Amino acid sequence: MTTTDPLSPVSRTALSVALVRAYESSRPEPLFTDPYAAAFVTASGMPMPTSGPASGLAKGLVVHGILRTRFYDDRLLAAGADQVVLLAAGLDARAYRLDWPAGTRLFELDLAPVLTFKQQVLDELGADPAGERTTLPGDLLDPDWPRRLVEAGLDPGRPTVWLAEGLLVYLTADQAAGLLTAVGTLSAPGSRLLLEKGRDVTSTPQDPALAHITDLWQGGLGPHTHEWLDAHGWNTRLTLLDEVAAVYGRPFPPGSGPSTTGFIEAVRTGDNGRDSSAR
Ligand code: SAM
């Protein structure tokens with residue numbers, strides 16, 4: 001690994017996401033191409049798998065990771081805000097690989113070691129961000145991060161598009177509610193928030209090969225995340241995973257049954273739910 005500061009277990013989950021993005025980028029007709037993902041995995045010393053995902057859970061997580069990357073890529077660009085905040089950005093390379101309109105400002109927040117490692121790899125590759133990129137190392141459970149984000153240049157008086165990808169499941173319900181409350185206070189009407197639907201982690205199938213990820217899951221606000229948002233000044237639209245798969249022409253594994261996972265796009269109303277523009 002390039003950095004001398006080891007990644008914590010939760011930060012190492014960003015490498016698993018990078019691995020999924022590297023895998024998809026290497027396939028014919030990928031849903032997206034992330035030219036940095038394989039470099040992150042290689043620099044970390046994590047072995048590149050020689051075969052595809054084995055268990056049902058692993059296959060499901062890979063499909064989910066691929067579809068969510070493309071879904072968020074498209075929704076972030078469609079949001080049209082010139083302020084973008086990637087909460088728990090991990091090894092997300094969207095600042096470098098998406099075609100942001102001129103003048104877009106991107107803020108990436110995550111724990112310091114993962115941002116240091118990411119920067120080292122990007123610098124070694126000579127990568128240049130497509131928008132103006134600011135990184136903010138720190139713990140999102142520290143109540144000071146909103147002040148630091150505004151100090152770094154976020155204008156809470158104008159709409160922001162927020163992404164919380166692969167984050168809330170690692171938090172408790174109280175921590176997730178606290179984080180989303182802070183996001184709400186910084187969100188002018190019309191701001192957008194993208195995040196996962198949330199899952200019931202008590203019914204996760206067991207796969208010892210994935211315990212380094214699933215043992216860290218605390219559930220966040222679970223499958224009721226959209227209801228919490230609707231009650232706290234957001235207007236949500238839920239898109240289930242099989243719907244996303246159909247939109248992008250990816251076969252959904254037969255026999256998977258109805259999707260229990262998916263993605264939320266929420267629009268800040270500022271008036272507890274009367275703006276219906278997300279529907
Ligand atoms: N969003 C990225 C993506 O999808 O590629 C990374 C997702 S990864 C599964 C989870 C990320 O959450 C890690 O980068 C980890 O460091 C970050 N994270 C977890 N808890 C955090 C906290 N309390 N403060 C800041 N970052 C946190």
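Every number for a ligand or one of its atoms is a count from 1 in the order of the listing. What you are looking at is a predicted structure, and each value in this text was computed from that prediction instead of being measured. Side chains are part of it too, since the values below use all heavy atoms of this structure and drop only hydrogens, waters and symmetry mates.
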Which of the atoms of ligand 1 are close to [X], meaning less than 4.0 Å from one of its heavy atoms?
X	result
R21	3 (C), 4 (O), 5 (O)
L141	23 (N)
A14	8 (S), 14 (O)
R68	4 (O)

inquiry  = Going by the rule side-chain contact (heavy atoms from CB on, under 4.5 Å), which residues pair with Y96 if we only count those two or more places apart in sequence or in a different chain?
reply    =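 Partners of Y96 by the side-chain contact (heavy atoms from CB on, under 4.5 Å) criterion, ordered by chain and then number, come out as Y36, Q119, L122, A127, P129, R133.
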
I want to know if ligand 1 touches [X] in the polar sense, i.e. an N/O pair below 3.5 angstrom.
X	value
L140	yes
A88	yes
T13	no
E165	yes

If only side-chain N and O atoms count, and only distance matters, is there a donor-acceptor pair under 3.5 Å linking [Y] with [X]?
X	Y	value
R21	T69	yes
W234	T269	no
D174	T172	no
E196	Y72	yes
D230	T236	yes

Among all protein heavy atoms in this structure, tell me which lies nearest to [atom], with the distance rounded to 0.1 Å.
atom	result
atom 14 (O) of ligand 1	D110 OD2, 2.7 Å
atom 19 (C) of ligand 1	V10 CG2, 3.7 Å
atom 22 (C) of ligand 1	D139 OD1, 3.5 Å

ask   = Taking heavy atoms and a distance under 4.0 Å, where does V17 meet ligand 1: side chain, backbone, both or neither?
value =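 It is the side chain that gets close, since no backbone atom is under 4.0 Å.
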
request  = Using a 4.0 Å heavy-atom threshold (strictly under), name the region of S16 that reaches ligand 1: side chain, backbone, both or neither.
outcome  =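 For S16, no heavy atom sits under 4.0 Å from ligand 1.
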
message = Does anything in residues 53-64 form a side-chain hydrogen bond (donor to acceptor under 3.5 Å, both in side chains)? List the pairs, not counting sequence neighbours.
response =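 Every pair satisfying side-chain hydrogen bond (donor to acceptor under 3.5 Å, both in side chains) with a residue in residues 53-64: S55-D207.
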
message = Heavy atoms only: which of G166, S11, A89 lies closest to atom 2 (C) of ligand 1?
response =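 That would be A89.
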
request  = Answer yes or no: is there an ion pair linking R27 with E24, defined by an N-O contact shorter than 4.0 Å?
outcome  =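 Here R27 pairs with E24 in a salt bridge, since their nearest N and O are under 4.0 Å apart.
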
inquiry  = Any side-chain to backbone donor/acceptor pair from T104 onto W100? Under 3.5 Å, distance only.
reply    =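 Not at all, since once roles are kept as given, no pair shorter than 3.5 Å links the two residues.
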
request  = Could you establish whether G138 and ligand 1 come within less than 4.0 Å of each other, counting only heavy atoms on the residue side?
outcome  =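 Checking ligand 1 against G138, which is what was asked, there is a heavy-atom contact under 4.0 Å.
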
